[in-house]
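To start, the structure itself, in structure tokens.
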Amino acid sequence: MPANEDEMQILDQWSNRLAQALQILDLKVDHDLLLDLARKSADSVTHAAAPITTFMVGYAAGLEAGTGSAGTKEASATSITKAADVAFQLCEDGQDGGPASKGWADTAQ
């Protein structure tokens with residue numbers, strides 16, 4: 001879901017404001033990845049799957065990467081990519097499909 005330059009600037013500003021409010025100041029948001037994942041899940045499952053999918057990917061990535069000083073930016077980025085890959089694979093099965101052949105537990109090792 002490519003956004004125009006104005007939308008991307010607004011998303012960047014919003015992400016920074018939200019990160020400050022949530023006290024996750026060093027967070028860098030991959031807007032393109034999240035927008036693509038939201039689009040794919042909305043198209044493959046149902047429109048309402050977009051925010052649920054992106055939330056669950058972020059949550060799973062946060063759990064894997066650790067919190068506070070245990071997590072690093074690199075670990076967070078890797079965890080987000082792994083979780084997003086699992087979600088993209090699951091989207092390939094669509095609304096009625098089963099789980100992807102490789103689940104989160106398989107890729108998180």
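Just so we're clear, the structure is a prediction, and the values are computed from it rather than from any experiment.
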Item to check | Ile80 vs Leu33, side-chain contact (heavy atoms from CB on, under 4.5 Å): CA-CA, chis, key distance, verdict | outcome: CA-CA 9 Å; Ile80 290 168; Leu33 174 69; 3.7 Å; yes
Next on the checklist: Before you tell me yes or no, could you show the steps for Phe88 and Val57 under side-chain contact (heavy atoms from CB on, under 4.5 Å), namely the whole-Å CA-CA distance, both residues' side-chain angles and the distance that decides it to 0.1 Å?
Outcome noted: CA-CA 10 Å; Phe88 276 120; Val57 163; over 6 Å; no
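In this structure, the separation between CG on Asn16 and CG on Leu11 is 11.0 Å, given to the nearest 0.5 Å.
Scanning all heavy atoms of the two residues, the minimum distance from Met8 to Asp32 falls at CE-OD1, 3.6 Å. Of all heavy-atom pairs between Ala50 and Ala38, the closest is CB-O, 3.4 Å. The two residues Cys91 and Ser41 make their nearest non-hydrogen contact at SG-CA, 3.4 Å.
Apart from Met56 itself, the hydrophobic cluster it occupies contains Ile52, Phe55, Tyr59, Leu63, where clustering links Ile, Leu, Val, Met, Phe, Trp and Tyr at side-chain heavy-atom distances under 4.5 Å.
The backbone N or O of Gln89 sits nowhere less than 3.5 Å from a side-chain atom of Glu92 that would complete a donor-acceptor pair.
Cluster annotation: Leu18 and Leu25 are assigned to distinct hydrophobic clusters (Ile/Leu/Val/Met/Phe/Trp/Tyr, side-chain heavy-atom contacts under 4.5 Å, transitive). Following chains of ILVMFWY side-chain contacts shorter than 4.5 Å, one can reach Trp14 starting from Leu34, so the two form part of one hydrophobic cluster.
A 6.0 Å sphere centred on CD of Gln23 holds no more than 12 heavy atoms belonging to other residues, nucleotides or ligands.
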